[in-house]
Amino acid sequence: MKPAAINTSSAALQPKPSLVPTNSVSTKDGFSVRARIDPTLPVADVIRQLCSNLKVADHPALYALRDEHDVLITDTNLRKAIKDKVNLKLVNSPVVEAVDIMEKLSGREDKSLKLALFSLQKYIQEDQFATEFLKRGGLAELLNVIAVTHGNTLAYALKALQNLMSLDYGWSNIPPPFISRLIEILSNPSNLVNVCRPATSILKRLVEADSRFATETDLAGANKSAQSVAGPSTSKASVGGKNPAALKPGMKPPSEGVWNYGFDLVFDLMKAEDEGEPGGNKGERPIKVLETVVKRLSSGDSMMAMDSMLLINSLLKNATDTQWEELADQLERLNVRKAVIRLTSLTTTEELTSSTLEFQANLMSFAYRRKNTPIDLSSPYVRNALDTIWAAAKLPQPEARTPTRHTPRSSPKVRTGLHDVGNGDGILYEEPGSDQQLWVKLGFDSENLRTEFAGVGLLGLDCLRALATASADYFQEIVLEQLSRPPERRCPVAKASNEIVELLSEHYRLFAPGYSSAPSFQPYFLSFHRVHNLALKFFLRVWDEIGAAASDFSRVAALAQSQINYALRDETRAWHEVEHDFLESEYRVVRERQMRELEQQDDLLNKPPVRTLRAKLYKDSFEFIRSQRIQCLTQGAWFVNGIPAPLTGAMSSRESVSLKRHTRPWKFVRLDKSMRYLHFVDSVVKIPIRSGLEDLPERIDASLMLEVITNTCAIPPNIHPGSMSPSDIPTTGSPLVASPLSFSLLSTRGGSLADLVAENSTVFSDWIDGFNMLRGDHFTTKETADFVQSLTEIGLKIKLLDLSGEKVDIPDVLNPPPLPSTTDFFFADYD
């Protein structure tokens, strides 16, 4: 018997010759009907009329509509479902599902608990279900399940929490003891991959939920959503049998919604977890959870390695000023750079490339911060580094010094690795008439280490210590060798080390935090200390070969700069080739190449003030290009709806990838002014789009964008983007080949938010780097890198033309003036 067509239109009472059904609707009893649904009606009215026509006894509020993929039909997507003639199901409403799942969670019966958690993973991302679930204390119940379960049940529960945290509300009261439980799960190397992956993502989300980065719109939206789902607070509930601790300084009040966690809270709990173990963790050994996460970069599961990389990037990017040095020290101990290099050599997926570039940008930011952080002689880290350097040199022990009028007896002592010989304010190293000459023996110009490391900061100290520890015998040999020579013929080893740090910083453009000019992976930057050691060996070798004296230091430094730029000209070269360039290149060849370079460049460009000006102009150019790229996103552009091409490696596990041919192959995308949503419309052909958002009915939440990856999808058959020649247009039946102008926006919830193909390389570059700059502060395409470099050079030349027109002499060195002898002076006023 053919089912009758049901009309839910408001005009159903008017006689019509025939009804054309729009959708097929099935019920829980297996009954299926063809219905004509009016797209102008609210979903609640559609359900009410369906229940009435189908003689359903229960109240319509107990029912909801879902499509064949179990996506909830709402007022937002009803029109699209009708237009696409989607098969619909009349099922339990989110209220009923929330009550049912809550009962199963509290029952703790293993089989029903697993089924409930499996369903929860799917439904928790829906606003209607999440609201009802949270109103009934669902968050506290879910946290309690995570605290006491293990294995697959724990994996399902963690995945459900991960999906909940993709919302901007509902998880503002996660207590510190639960975060400690999460850290404990991650610290256990024997836990299953399906347990560790969601746990890693949850911890990453907590690190990023920092009020420092929340806009007023974020906070207002989170508070509004939180008020609508207010339920039992987990801050007064027990989690895993523990009473949650009071909020720590790093954890903001719940008034800031979910933005009340952040790096400080998570990192403090990481350290606290180790302090509870035998021996504690006072900084002498790596934090256990970080050690485990770094080891997982070598995991056989590529997605596990990817999640670990994302967590490390999140920690690096969100580290606060008070703890970034400790995080950097911890990751250096764990040799995270080597782990990342090894990972990139084994896997070359697009997601990994994007994450590696972000890791590289974060390291550049850290290197800049360390370079500009003065050494503090009262810091245990600095004292230990100086101890290590002095011990590696194996110089004679100096005599203990008695306090003088320059070193008050009441002043705190500083450990030099030898004797307590001075106070904590550095007076020891600049005391007039000192005859000890401790650090001058290592190649410094004076005993004032603050002055000696002023230009390179902690980064210079790190590199000198790395040289002393990696090649202790060599370090001792070169120090003693220089001391055996006449003073005017000695190569100042420590000063040369700091000069190499300056030259490498200039080569890698360490101009400011967040400004990475590298659109490609630079493995030798990740091996900064090893390259520094090679370059320093080159410096010492050239010094010996030319018989240099103290006055030749700048000459040798210029040769080292030329060789650094030559040896590191291509980061894809094999390591042995780089070693050969530094260790075996003939002086004659290096000098001839340098002379050719000098003929092609102006000596003015190498002066320190000009280099400083170039660094400032580079930052200005970067910000200009950044705003231009984001403006391209707000103006909008047409793209082809790509078909995901067959993928291998990590991308083969992407969830929810649709291989169907698009009935509307063109998509216009525009970022709104708040930069929170991507609005779009799909179309059969390109049509005129007005300014604003009236013509763009659908949207994507930009906060769900996890990664932007390229070369992911193919052009549908018989579609002709503007840049493609007619012979290259794919035809029906031709194999799917990823377009070089294609990219995908991966979602934090899994799967892809959009698969797009740009019409030309300009649009591709604008949007790829626009999305990257919207998410962070780095770019990936060569076109953008060239633009930034060109603007910098043009700006520099214009500035220098102004100076040359005024006949201003630019000095080679800017020496600070002496301090005033008295305070009896005032600043003149200039009109």
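Closest non-hydrogen pair, S752 versus S744, comes out as OG-CB, 3.9 Å. Scanning all heavy atoms of the two residues, the minimum distance from V294 to A339 falls at CG1-CB, 4.1 Å. For the residue pair K159 and P198, the shortest heavy atom distance occurs at N-CB, 3.8 Å. S355 and L310 get closest at one heavy-atom pair: OG-CD2, 3.5 Å. Closest heavy-atom contact between A702 and M675: CB-O, 4.1 Å. Smallest separation of non-hydrogen atoms from R296 and C196: NH2-SG, 3.3 Å.
Among residues two or more places apart in sequence or in another chain, the ring pair (Phe, Tyr, Trp, His ring centres under 6.0 Å) test is passed with Y524 by W575. Residues forming a ring pair (Phe, Tyr, Trp, His ring centres under 6.0 Å) with F263 (at least two apart in sequence, or on another chain): F267. Remark: D769 engages no residue in a salt bridge (charged side-chain N to carboxylate O under 4.0 Å, His left out) (not counting sequence neighbours).
In this structure the side chain of Q360 never reaches within 4.5 angstrom of the side chain of V340, judged on heavy atoms. Taking 4.5 Å as the limit, every side-chain heavy atom of L678 sits out of range of all side-chain heavy atoms of L753. Between I124 and L167, the closest side-chain pair of non-hydrogen atoms is not below 4.5 Å. The closest side-chain heavy-atom distance from Y381 to D462 is below 4.5 Å. Contact check for V99 versus M102: no side-chain heavy atoms found under the 4.5 Å cut-off. Between R370 and W324, some side-chain heavy-atom pair lies under the 4.5 Å cut-off. A heavy-atom distance below 4.5 Å is not found between the side chains of L671 and Y677. Side-chain atoms of N77 and L72, non-hydrogen and from C-beta on, never get closer than 4.5 Å to each other.
Side-chain atoms of S742 come within 3.5 Å of backbone N or O of C713 as a donor-acceptor pair. Listed for the D329 side chain is no donor-acceptor partner under 3.5 Å among the backbone atoms of E325. Judged by distance alone, with hydrogens and angles left aside, the side-chain atoms of N313 form a donor-acceptor pair with the main-chain N or O of F359 at under 3.5 Å. Remark: the backbone N or O of M165 is paired with a side-chain donor or acceptor of R205 at under 3.5 angstrom. Remark: side-chain polar atoms of Y261 are paired, donor with acceptor, to backbone N or O of I174 under 3.5 angstrom. Although no hydrogens or angles enter the test, the distance criterion places a donor-acceptor pair under 3.5 Å between the side chain of S201 and the main chain of R197. Under the 3.5 Å distance criterion, the side-chain polar atoms of Q522 are left unmatched by any main-chain donor or acceptor of E571. Between the side chain of D67 and the backbone N or O of I73, no donor-acceptor pair lies under 3.5 Å. Remark: the backbone N or O of A361 is not paired with any side-chain donor or acceptor of S365 at under 3.5 angstrom. Under the 3.5 Å distance criterion, the side-chain polar atoms of R136 are matched with a main-chain donor or acceptor of E132.
Rounding to the nearest 0.5 Å gives a distance of 13.5 Å between CZ of F366 and CG of L510. Note that the CD1 atom of I101 and the OG atom of S106 stand 12.0 Å from one another [nearest 0.5 Å]. Put simply, OG1 on T74 and CG on D127 are 9.0 Å apart, with the number rounded to the nearest 0.5 Å. Note that CG of L290 is 9.5 Å distant from CD1 of I183, once rounded to the nearest 0.5 Å.
Here the options are L203, V289, L154, T200, the test is side chain to side chain contact (heavy atoms under 4.5 Å, CB included), and the partner is I185; only L154 passes. With respect to S187, the side chain to side chain contact (heavy atoms under 4.5 Å, CB included) criterion is satisfied by exactly one of M270, E291, K288: K288.
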- [ ] Please step through side-chain contact (heavy atoms from CB on, under 4.5 Å) for the pair F528 and L459, ending with a clear verdict.
- [x] CA-CA 10 Å; F528 193 91; L459 182 61; 4.3 Å; yes
TODO: Apply salt bridge (charged side-chain N to carboxylate O under 4.0 Å, His left out) to D701 and R676, showing your working.
DONE: CA-CA 6 Å; D701 189 344; R676 297 188 65 190; 5.9 Å; no
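The existence of a salt bridge linking K271 and E326 is confirmed by a sub-4.0 Å separation between a basic side-chain nitrogen and an acidic carboxylate oxygen. A salt bridge is defined here as a Lys NZ or Arg NE, NH1 or NH2 lying under 4.0 Å from an Asp or Glu carboxylate O, and D307 with K204 fails to meet this definition. At a threshold of 4.0 Å, the pair E126-R66 counts as salt-bridged, since one of the basic side-chain nitrogens sits closer than that to a carboxylate oxygen.
Residue pairs meeting the ring-ring contact (aromatic ring centres under 6.0 Å, His included) criterion with at least one member in residues 291-314, sequence neighbours excluded, do not occur. Among residues at least two apart or in separate chains, salt bridge (charged side-chain N to carboxylate O under 4.0 Å, His left out) pairs with a member in residues 337-346 are E332-R337.
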Identify all side-chain donor-acceptor contacts of residues 112-122 below 3.5 Å with residues at least two apart in sequence or on another chain.
unit_1 : atom_1 : unit_2 : atom_2 : d
S112   : OG     : E109   : O      : 3.1
S112   : OG     : E109   : OE1    : 3.0
S119   : OG     : L115   : O      : 3.2
K122   : NZ     : D70    : OD2    : 3.1

